[in-house]
Amino acid sequence: MNVDVSVIDNKSYIEIDKIVKNGKTYVYLVNSIDKTDFIIRKLLAENGEIYYVGLDSKKEFDLALMYFTKKHEGVLSENGKEE
C-alpha cells in the first residue's frame, strides 16, 4: 500500500483522499501524529509543477468538506465507530 506523505508547516500529513469536482482537485490530509489535525487543500498545476494551495474562502472549505462527508457517509455509524 502506497501512502502519500507531505510536509506542510513543518508537520507531516498523510493524504487520505482526493476528490475532483468542478475542475478542482481537493486533497484531504491528516497529521501523521495528531489525527485530529485535518486539513483540506487544492492542487494547483503551474509551470509543470503541482502545488497544494489553501482554499479561497470558508464557503469553499464548507463545500469541500461536504464533498468528503457525502462520499464517506455510512463509513461511521451514529456513535462514531466504524461500521
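Remember, predicted model here, so these are calculated numbers, not experimental data.
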Query raised in the report: Do the side chains of Val27 and Lys42 get nearer than 4.5 Å, heavy atoms only?
Result: no
Report task. Check whether any side-chain heavy atom of Glu15 sits under 4.5 Å from a side-chain heavy atom of Val5, and report yes or no. Result -> no
Query raised in the report: What's the spacing between Ile50 CD1 and Leu44 CG if we round to 0.5 Å?
Result: 9.5 Å
**Report entry** Side-chain donor-acceptor pair present, Ser32, Tyr13, cut-off under 3.5 Å
**Finding:** no
Query - Flag, side chain of Asn47 to backbone of Glu49, donor-acceptor distance under 3.5 Å - result: no
Query raised in the report: When the ring centroid of Tyr26 is compared with that of Phe61, is the distance short of 6.0 Å?
Result: no
Query raised in the report: Would Asp17 and Tyr67 count as a side-chain contact (heavy atoms from CB on, under 4.5 Å) if you check the C-alpha gap in whole Å, the side-chain angles of each, and the deciding distance to 0.1 Å?
Result: CA-CA 11 Å; Asp17 202 357; Tyr67 296 147; over 6 Å; no
Requested in this report: Answer yes or no: does atom NZ of Lys71 have more than 12 heavy-atom neighbours from other residues, nucleotides or ligands under 6.0 Å?
Outcome: yes
**Report entry** Pairs where residues 23-38 contributes a residue and the test salt bridge (charged side-chain N to carboxylate O under 4.0 Å, His left out) is met, not counting sequence neighbours
**Finding:** Lys11-Asp37, Lys24-Glu60
Query raised in the report: When you look at Leu65 and Phe38, which way does the side-chain contact (heavy atoms from CB on, under 4.5 Å) test go after all the steps?
Result: CA-CA 11 Å; Leu65 188 57; Phe38 173 83; 4.1 Å; yes
**Report entry** Spacing of CZ belonging to Arg41 relative to NZ belonging to Lys18, to within rounding of 0.5 Å
**Finding:** 15.0 Å
Report task. Would you sort out whether Asp4 and Ile14 count as a side-chain contact (heavy atoms from CB on, under 4.5 Å), showing the intermediate values? Result -> CA-CA 6 Å; Asp4 289 330; Ile14 299 168; over 6 Å; no
Report summary line: Joining Ile, Leu, Val, Met, Phe, Trp and Tyr whenever any side-chain heavy atoms lie under 4.5 Å apart, the cluster holding Tyr51 also takes in none
**Report entry** Nearest-0.5 Å distance that lies between atom CD1 in Ile39 and atom OH in Tyr52
**Finding:** 8.0 Å
Query - Validation row: Leu29, Ile40 side chains within 4.5 angstrom (heavy atoms) - result: no
Query raised in the report: Do Val30 and Tyr28 share a hydrophobic cluster (ILVMFWY, side-chain heavy atoms under 4.5 Å, transitive)?
Result: yes
Report task. Drop me the distance from Leu63's CG to Asp56's CG, to the nearest 0.5 angstrom. Result -> 11.5 Å
